[in-house]
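Report on the structure given below.
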Amino acid sequence: MPMDVILVVWFSVCTARAVMGFGMDPDLQMDIITELDLVNTTLGVTQVSGLHNASKAFLFQDVEREIHAAPHVSEKLIQLFRNKSEFTFLATVQQKPSTSGVILSIRELENSYFELESSGLRDEIRYHYTHKGKPRTEALPYRMADGRWHKVALSVSASHLLLHIDCNRIYERVIDTPETNLPPGSNLWLGQRNQKHGLFKGIIQDGKIIFMPNGYITQCPNLNRTCPTCSDFLSLVQGIMDLQELLAKMTAKLNYAETRLSQLENCHCEKTCQVSGLLYRDQDSWVDGDHCRNCTCKSGAVECRRMSCPPLNCSPDSLPVHVAGQCCKVCRPKCIYGGKVLAEGQRILTKSCRECRGGVLVKITEACPPLNCSDKDHILPENQCCSVCRGHNFCAEGPKCGENSECKNWNTKATCECKNGYISVQGDSAYCEAKCIYGGKVLAEGQRILTKSCRECRGGVLVKITEACPPLNCSDKDHILPENQCCSVCRGHNFCAEGPKCGENSECKNWNTKATCECKNGYISVQGDSAYCEDIDECAAKMHYCRANTVCVNLPGLYRCDCVPGYIRVDDFSCTEHDECGSGQHNCDENAICTNTVQGHSCTCKPGYVGNGTSCRAFCEEGCRYGGTCVAPNKCVCPSGFTGSHCEKDIDECALRTHTCWNDSACINLAGGFDCLCPSGPSCSGDCPHEGGLKRNGQVWTLKEDRCSVCSCKDGKIFCRRTACDCQNPSVDLFCCPECDTRVTSQCLDQNGHKLYRSGDNWTHSCQQCRCLEGEVDCWPLTCPRLSCEYTAILEGECCPRCVSDPCLADNIVYDIRETCLDSYGVSRLSGSVWTLAGSPCTTCKCKNGSVCCSVDLECLHNN
């Protein structure tokens, strides 16, 4: 499919989203604090005041605790995550400064499927997840452990990661697609990783998981919410891949059909049907108006079936009735007299005779005929004014019964009843079709059942069918038997191509063994029949999201919210009276986006800036080192002596000869500057220039930015070293000398729970560097060397990727749908699509950016 077609469909999806509305399905979210019942938990958590009073907040204390979900809650979570490609975790947190801890963890034994961790030791937020059975970690530099309240929202849409802090988009990354089919035994932990590790210290409020696109809107309703997500686009691509698979199967079937047809090109055999002097060719269809039937000529035999009438959805003030000259009932106004309801044409005897016509009771003046029976044998028929003699033949006057129905006289009326072997059509016994019964199963006319042979229901009799089933172009394990048929078809068969007939507001949906009609979005079935659907009036039914100062306008299948005259639009669902943003009557920062709201306006920092909207500052992802200042998104202004995009490079003034040392002194390059070393002589004081000042010869001091380093000046030279740790000194600084910390509370238990580490110890675990500091374990991903090759793969038992030349071995491929492959049928496949090799059901192939990569399923080979 051309890219321009994909983009047109993509735009259509985006446009449709803009008007369909945004709602929150309670079945697609989990309130974690409510589910864990923290109100009744006493050990390790205490209810406290939160950022607001609309929900409960809990303080997680620095004590041993076990805050995890009960088995039924875990099972609910597993079901919610199953096959989901989009979800968002929301929370409002206040973390104790400079601490590290896990806010939420969903794990099974040692496997983290979703874990959000905040490290105050390294000032970063970490997202741990699993991809194809292997652990993955995304480290996002940000200081959240600062003792302040923060709203955090981590959204995942397929391979797209979004991090919002305080309603500001902080990070947007492409990651490996996380696994969401959680294994049995998975559990949810709040405020910790497990029983011993990752204890969060601080307050958590509003902890939720949202399973829908753009879930962060729940926390920040003023953010843009109209554009589709990465998962939407992947669903579109998957649909195209499914069409390609269907095209490949159709191509194979056409090739087979062409082979068969080539053997019959010189043969022409056709049986015709002659009805009422007219000749019909095989498979011709016509309407038998006298009996309200659709007839078809099949191999010389005429087969007729009662017309299928659409179900009527009459208004409350009308009833369905038969009208002369029409096959299907129509709605006509009803009449009510004394609590009795009359349909069109029915009569009632009051002081005079009256008949219901057009919803009005009209007086009838015609005289009743004389009766040839005694008064005691006079009876008044239902809905009539004139009496008749007992035993009167009501069937002679009506109702009109079809050919498979028969009229039956009762005391005051006549009704139609289906003949033996027939069943009513759509509940109307005036029209019946043949039925057959076999083994307790009821079959309608034309339906088949496979016993020792194939039999079809015709006229209430099961007739043996001798025609052979067509050959199938698929393996036996892919053969399936459709409902009420005798011949198997290949898995993935298009039943919709053969029926049923769905109305314009309904669409056919293929299932495993049949096809059904389903109403399109925004429509509802008529009287429970999804073949006929009518528009849902979201406005009248109050099923819309139109807010203040708007009028809901119903549209076919959807709705829109129009502004009341004199108001301007805020978003798709609300309007405001004053344009504070356009008139400049706002207090938003120059680097913020002003958005009109119903109450006034809101301010949101532009991408690349952080703050509350009224004050926004530039944000540099990797920070500005050595005292640099972030002046624009990812742009640093460096202090004197440093350069580089993040001020990470020192300028060597000595090599560049930009120093100011005199001739009798030697230039010594320093980090961020230089020094002039005076060797000896009467003009040399031995003093040392330092940080814009002068340190005297022999002076000792502690660095401001590193309290664990001591520097001294001697003969013009500065010597710095780490503070010597004297563990015998009771006043030793344990921050600088963690190895001197002998307190039991400062020891750490490793992840396996078998080994104790002292404060200051380092170790490696699961491709992470871990450190114990004052009883707290902090782990971060190992730093891997940057690779410049196109394809990489992580080998079994290794942590860092290696370069590979074969794209089929690579696990870092980002699929480009413009790079296609040709399969064995000559069908073009999009990158990322998977198919079964023709003639080899155990061989699966995948397109990887133009390369066809195939693999054999050994278990499949063994079973076949």
Side-chain angles (χ1 to χ4, degrees), residues 30-53 55-74 76-77 89-110 112-121 125-126 128 144-152 185-209 741 743-754 756-757 759 770 772-779:
M30 175 180 277
D31 188 322
I32 298 170
I33 292 179
T34 301
E35 294 286 353
L36 296 186
D37 193 20
L38 292 186
V39 174
N40 295 320
T41 302
T42 57
L43 187 60
V45 293
T46 305
Q47 185 173 346
V48 295
S49 298
L51 178 63
H52 56 82
N53 295 324
S55 62
K56 296 180 174 64
F58 291 88
L59 171 64
F60 287 71
Q61 300 162 349
D62 187 10
V63 296
E64 187 173 323
R65 58 178 184 260
E66 289 191 30
I67 309 300
H68 61 86
H72 72 279
V73 177
S74 297
K76 176 181 177 181
L77 184 72
F89 169 67
L90 310 168
T92 303
V93 301
Q94 184 187 57
Q95 187 175 1
K96 185 179 177 181
S98 302
T99 62
S100 297
V102 171
I103 301 173
L104 179 81
S105 180
I106 301 172
R107 58 194 301 106
E108 187 267 335
L109 298 178
E110 292 301 312
S112 294
Y113 289 89
F114 179 96
E115 185 172 295
L116 188 64
E117 179 184 14
S118 172
S119 172
L121 302 179
I125 297 172
R126 302 181 193 129
H128 306 282
M144 195 162 68
D146 56 4
R148 301 176 183 175
W149 282 104
H150 293 287
K151 291 181 179 180
V152 57
S186 299
N187 203 351
L188 178 147
W189 295 79
L190 185 64
Q192 58 194 107
R193 176 175 292 119
N194 49 37
Q195 292 95 331
K196 301 291 184 181
H197 296 106
L199 298 182
F200 177 85
K201 294 99 178 172
I203 304 175
I204 300 179
Q205 187 179 18
D206 298 329
K208 295 180 180 179
I209 304 179
D741 192 350
R743 294 174 298 176
V744 175
T745 55
S746 296
Q747 294 178 337
C748 302
L749 193 65
D750 72 348
Q751 285 83 349
N752 297 321
H754 299 146
L756 276 175
Y757 287 96
S759 183
C770 299
C772 174
L773 187 62
E774 296 183 359
E776 190 170 277
V777 177
D778 193 25
C779 298

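Just the heavy atoms: all of them, side chains too, but no hydrogens, waters or symmetry mates, feed the values below. When a residue number appears, it is its place in the shown sequence, counting from 1.
Between the side chain of Ser118 and the backbone N or O of Ile125 there is no donor-acceptor pair closer than 3.5 Å. The backbone N or O of Asn194 sits nowhere less than 3.5 Å from a side-chain atom of Arg107 that would complete a donor-acceptor pair. Within the 3.5 Å criterion, the main-chain N or O of His52 finds a donor-acceptor partner in the side chain of Gln205. For Arg126 (side chain) and Cys779 (main-chain N/O), a donor-acceptor pair under 3.5 Å exists by modelled atom type.
Residues Met30 and Val73 meet the side-chain proximity criterion, which asks for heavy atoms closer than 4.5 Å. Under the 4.5 Å side-chain criterion, counting only non-hydrogen atoms from C-beta, Val777 is not in contact with Arg193. Considering only heavy atoms from C-beta on, Asp778 comes within 4.5 Å of Glu117 through its side chain. Residues Lys56 and Leu38 form no side-chain contact, since every pair of their non-hydrogen atoms from C-beta on lies 4.5 Å or further apart. The side-chain heavy atoms of Leu104 and Leu188, taken from C-beta on, include a pair separated by under 4.5 Å. Counting heavy atoms from C-beta outward, Val152 and Leu116 have side chains that approach closer than 4.5 Å. Under the 4.5 Å side-chain criterion, counting only non-hydrogen atoms from C-beta, Leu190 is in contact with Ile33. Using a 4.5 Å heavy-atom threshold, the side chains of Ile209 and Ile106 count as touching.
Atom CD of Gln95 and atom NZ of Lys201 lie 8.5 Å apart (nearest 0.5 Å). Within the model, atoms CZ of Arg148 and CG of Leu51 stand 14.0 Å from one another, a figure rounded to the nearest 0.5 Å. Interatomic distance, CZ of Phe114 versus CG of Leu77, reported as 10.5 Å (0.5 Å rounding). Note: Phe58 CZ to Ile203 CD1 = 11.5 Å, rounded to the nearest 0.5 Å. The line from OG of Ser98 to CG of Leu121 is 7.5 Å long, rounded to the nearest 0.5 Å. We find the CG-NZ distance between Leu90 and Lys208 to be 7.5 Å, quoted to the nearest 0.5 Å.
In plain terms, the two heavy atoms of Phe200 and Gln94 that are nearest each other are CZ-O, 4.2 Å. In terms of heavy-atom proximity, Cys772 sits nearest to Tyr757 at SG-O, 3.8 Å. Here the closest heavy-atom approach between residue Gly120 and residue Ala145 is recorded as CA-CB, 3.7 Å. Summarising the geometry of Ala69 relative to Ser74, their closest heavy-atom pair is CB-OG, 3.7 Å, with the distance given to 0.1 Å.
Between Trp189 and His68, the ring planes are tilted. Angles from 30° to 60° get that label.
Residue-environment remark: NZ (Lys151) stays at or below the threshold of 12 foreign heavy atoms within 6.0 Å. Heavy atoms from other residues, nucleotides or ligands lying under 6.0 Å from CD of Glu64 number 12 at most.
For Gln192, the side-chain hydrogen bond (donor to acceptor under 3.5 Å, both in side chains) criterion is met by no residue, not counting sequence neighbours.
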Could you please spell out the steps behind the side-chain hydrogen bond (donor to acceptor under 3.5 Å, both in side chains) verdict for Glu108 and Ser186?
-> CA-CA 4 Å; Glu108 187 267 335; Ser186 299; 5.8 Å; no

